[in-house]
J.: 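Structure below; questions to follow.
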There are 2 protein chains.
Amino acid sequence: MDDAKYDILKLDNQLCFPLYAVSKEIVRRYQPLLDPLDLTYTQYITMMVMWEKKCVTVKELGEKLYLDSGTLTPVLKKLESKGYVTRTRSKDDERNLMVTLTDSGEALKDEALEVPLKLSGCVNLSPDDAKTLYVLLKKLLTSF
Amino acid sequence: MDDAKYDILKLDNQLCFPLYAVSKEIVRRYQPLLDPLDLTYTQYITMMVMWEKKCVTVKELGEKLYLDSGTLTPVLKKLESKGYVTRTRSKDDERNLMVTLTDSGEALKDEALEVPLKLSGCVNLSPDDAKTLYVLLKKLLTSF
DNA sequence: TGCGATTAGATTGTACACAATTAAATTGAA
DNA sequence: TTCAATTTAATTGTGTACAATCTAATCGCA
C-alpha cells in the first residue's frame, strides 16, 4: 500500500509543470537568436505588437501580452533607451501613455524576420502536432 | 500589397507566445491556492520532488525541474528557513548538497492534496483535450 | 458644478530565471 | 603521485513577473 492518494502530487502527473518547463525552455532558445537584435524575449514580443500597430497605449500592450504596467514600464523604458520606441502622454487623455515605433524600431523588423524561421528548427513537432498544440493553447488562453 | 512576408512576425502566428502566456496565467492562478501553504509556485514544484524523493541533490532537483543552481540555491534556502527541508553537504562527495525533507515538510503534503483538485477548476479543458495537451508538451520536453 | 469613484500608469517589494563567473572538491591520465 | 580538467554549488548581475500601493487625470452623477 503506497498511498496512491498522493499520486496527484507527483510532478509527472501535472499538466501545468510541462507547460511551465516547455515555455521556459523555448524562451531560453530564443535568446541566442535575439542577441543580434539586442532584444530579450519580453522585449521581442513587445516589438511584435509595435511592428503591427505602430502606436499603442501601455494598457493595450498589456492586454495583448498579458502583462501589467509593473512589468511593461521598465521594458518600455529599455526599448526607448535603445531607440526602438518613444513614450509620450496622450494629448486627449493624459493618463494614457502612447508608445510609438521609431524608424530604428521599424528597421529592426527586417532583421527579425529570420528569428521565427531559425527558431522552428528548435521545436521538434510535426506541423499537425504544432497545429493541435496551438489550438489547445489558444482555447485555454481565451477561456481566461 | 500588405507585405505578407511579415506575417510570421505577428503575435497571433506564434506558437511560443500562447505557451508563454498560458504558463504564466496558470502559475498566477496557483498562487491563491498556495498562499495557505506559504509556498510560491517554484517552491511548490520543488516540494513535489521532495515529497516523492525525501532526499536529493541540487543537481537532481535541477534536472527534474529544469532549473539551475542560480535559481535553486535561493529557493532552497527559503524552504530551509521555513523548516520544510534541510541542506547538508554529502559525506561521500562534498561537492554535492543533499536536500532532505523534514517532518514539517512531510506534513505539508496533506495540506497540499487539495491544491491540484482546486486548480483543475481553473483549467477549462475537456479530459481529452487535457490529455492531448499533456502528451504534446511531454513530447516537446523530452525532445530538448 | 463639484466631488467621489474610476482609470492608467508608475513605483515598491519580493521572488524567480538564467548567463557568466567563481570556488572548492573530485577525477583521471601522464 | 600530481596537477590539469571536470564537476557541483554558490555568487553576481540583469531582466522579468506580479501583488500592492500610489498619483494624477478623467468621469459621472447628485
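Sequence lines set the chain letters: A, B, ... in the order given, protein chains first and strands last, and positions in each chain run from 1.
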J.: Would you say A/Arg87 reaches C/dG9's phosphate, i.e. side-chain N/O to OP1/OP2 under 4.0 Å?
T.: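 The answer is no; no side-chain N or O of A/Arg87 sits under 4.0 Å from OP1 or OP2.
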J.: For B/Glu80 and D/dA10, give me the distance from atom CD to atom P, rounded to whole Å.
T.: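 Rounded to whole Å, this separation is 10 Å.
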J.: Hey, is the side chain of B/Arg28 poking within less than 4.0 Å of OP1 or OP2 on D/dA19, counting only N and O atoms?
T.: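 For B/Arg28, the contact criterion (side-chain N or O under 4.0 Å from OP1 or OP2 of D/dA19) is met.
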J.: Please step through salt bridge (Lys or Arg N to Asp or Glu O under 4.0 Å) for the pair A/Glu60 and A/Lys64, ending with a clear verdict.
T.: CA-CA 6 Å; A/Glu60 288 173 298; A/Lys64 282 189 177 299; over 6 Å; no
J.: Under 4.0 Å between any heavy atoms, over every strand shown, what does A/Leu72 touch: base, sugar-phosphate, or nothing? Just pick one.
T.: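 Result for A/Leu72 = nothing.
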J.: Among D/dA10, C/dA17, C/dA19, find the nucleotide with the atom closest to the side chain of B/Val58.
T.: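 For B/Val58, the side-chain atoms sit closest to D/dA10.
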J.: Please check the phosphate of D/dG15 (OP1 and OP2 only) for any side-chain N or O of A/Lys77 closer than 4.0 Å.
T.: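 Looking at the OP1 and OP2 atoms of D/dG15, neither is under 4.0 Å from any side-chain N or O of A/Lys77.
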J.: Please name the pair of heavy atoms, one in A/Ile26 and one in B/Cys16, separated by the smallest distance, quoted to 0.1 Å.
T.: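 Answer, listing the atom of A/Ile26 first, then B/Cys16: CG2-SG, 3.4 Å.
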J.: When the distance from CD1 of A/Ile26 to C1' of C/dA17 is rounded to whole Å, what number comes out?
T.: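 Those two atoms, CD1 and C1', are 16 Å apart.
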J.: Whole angstrom is fine here: how far is it from OH in B/Tyr66 over to P in C/dC18?
T.: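 Roughly 12 Å, once rounded to whole Å.
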J.: Only one of B/Tyr30, B/Tyr66, B/Tyr41 passes ring-ring contact (aromatic ring centres under 6.0 Å, His included) with A/Tyr20; say which it is.
T.: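 By the ring-ring contact (aromatic ring centres under 6.0 Å, His included) criterion, A/Tyr20 pairs with just one of B/Tyr30, B/Tyr66, B/Tyr41: B/Tyr41.
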J.: Counting only side-chain heavy atoms from C-beta out, which of D/dT8, D/dT16, C/dC18 sits nearest to B/Thr71?
T.: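 Of D/dT8, D/dT16, C/dC18, C/dC18 is nearest to the side chain of B/Thr71.
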J.: Examine C/dA17: is either OP1 or OP2 under 4.0 Å from a nitrogen or oxygen in the side chain of A/Tyr20? Give yes or no.
T.: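 Checking A/Tyr20 against C/dA17: at least one side-chain N or O falls below 4.0 Å of OP1 or OP2.
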J.: Mind checking what makes side chain to side chain contact (heavy atoms under 4.5 Å, CB included) contact with A/Ser120, not counting sequence neighbours?
T.: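 A/Ser120: no side chain to side chain contact (heavy atoms under 4.5 Å, CB included) contacts found.
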J.: Is A/Asn96 close enough to D/dA25 that one of its side-chain N or O atoms is under 4.0 Å from OP1 or OP2 there?
T.: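 For D/dA25, OP1/OP2 do not have a side-chain N/O of A/Asn96 under 4.0 Å.
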J.: According to a strict under-4.0 Å criterion, is B/Thr40 in side-chain N/O contact with OP1 or OP2 of C/dC16?
T.: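 So the side chain of B/Thr40 is within the cut-off, an N or O lying under 4.0 Å from OP1 or OP2 of C/dC16.
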J.: When you measure from the side-chain N and O atoms of B/Thr73 to the phosphate of D/dA9, is any distance below 4.0 Å, counting only OP1 and OP2?
T.: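 So the side chain of B/Thr73 is outside the cut-off, no N or O lying under 4.0 Å from OP1 or OP2 of D/dA9.
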J.: I'd like a table of atom pairs between the protein and nucleotides 21-28 of chain C - only N or O on both sides, under 3.5 Å - with the distance next to each one.
T.:
from: C/dT26; atom 1: OP1; to: B/Glu94; atom 2: N; distance (Å): 3.1

J.: Regarding B/Val75, tell me which of base, sugar-phosphate or nothing describes its non-hydrogen contacts under 4.0 Å with the strands shown.
T.: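 Sugar-phosphate only.
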J.: Can you find an N or O donor on one side and an acceptor on the other, under 3.5 Å apart, linking the side chain of A/Ser69 with the base of C/dA10?
T.: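 Donor-acceptor pair under 3.5 Å: yes.
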J.: Both B/Thr57 and A/Asp68 contact DNA chain D. Taking the nearest nucleotide for each, which residue is further toward the 5' end?
T.: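 Per heavy-atom nearest nucleotide, the more 5' residue is B/Thr57.
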J.: Under the side chain to side chain contact (heavy atoms under 4.5 Å, CB included) rule, collect the residues that match up with B/Asp110, sequence neighbours excluded.
T.: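 Expected list: A/Lys5, A/Tyr6, B/Leu113.
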J.: Ignoring backbone atoms, establish whether A/Lys59 has a side-chain N or O less than 4.0 Å from OP1 or OP2 of C/dT7.
T.: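 No, because none of the side-chain N or O atoms of A/Lys59 sits under 4.0 Å from OP1 or OP2 of C/dT7.
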J.: May I ask you to say what B/Gln31 touches in the nucleic acid, namely base, sugar-phosphate or nothing, with a heavy-atom cut-off under 4.0 Å?
T.: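 B/Gln31: no heavy atom of the nucleic acid under 4.0 Å.
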J.: Does A/Arg89 use its side chain to pair, donor to acceptor, with the backbone of A/Arg95 at less than 3.5 Å?
T.: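 Here the side-chain-to-backbone pair exists.
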J.: Let me confirm one number: the CG-CE distance from B/Asp93 to B/Met98, rounded to the nearest 0.5 Å.
T.: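 If I round to the nearest 0.5 Å, the distance is 10.5 Å.
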J.: Nearest whole Å is fine: how far is D/dT7 P from B/Glu60 CD?
T.: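 Taking CD of B/Glu60 and P of D/dT7, I get 16 Å after rounding.
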J.: Can you tell me if B/Arg89 touches the phosphate of D/dA10, counting only side-chain N or O atoms and a distance under 4.0 Å to OP1 or OP2?
T.: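 True: B/Arg89 side-chain N/O within range (under 4.0 Å) of D/dA10 OP1/OP2.
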J.: B/Tyr30 OH to D/dC18 P: how many Å, rounded?
T.: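 These atoms are roughly 16 Å apart.
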J.: Tell me whether B/Lys54 at atom NZ has more than 12 heavy atoms from other residues, nucleotides or ligands lying less than 6.0 Å away.
T.: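 Yes, NZ of B/Lys54 has more than 12 neighbouring heavy atoms, counting only those of other groups under 6.0 Å.
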J.: Take atom CZ of A/Arg29 and atom P of C/dC18, then tell me their distance rounded to the nearest Å.
T.: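 So the two atoms are 12 Å apart, to the nearest Å.
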J.: Nearest whole Å is fine: how far is C/dC18 C1' from B/Glu63 CD?
T.: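 After rounding, the reported distance stands at 17 Å.
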J.: Using whole Å, what does the distance between atom P of nucleotide D/dT8 and atom CG of B/Leu67 come to?
T.: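 Interatomic distance, CG of B/Leu67 to P of D/dT8: 17 Å.
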J.: Is the number of heavy atoms from other residues, nucleotides or ligands under 6.0 Å of A/Asp35 CG greater than 12?
T.: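 Yes, enclosed.
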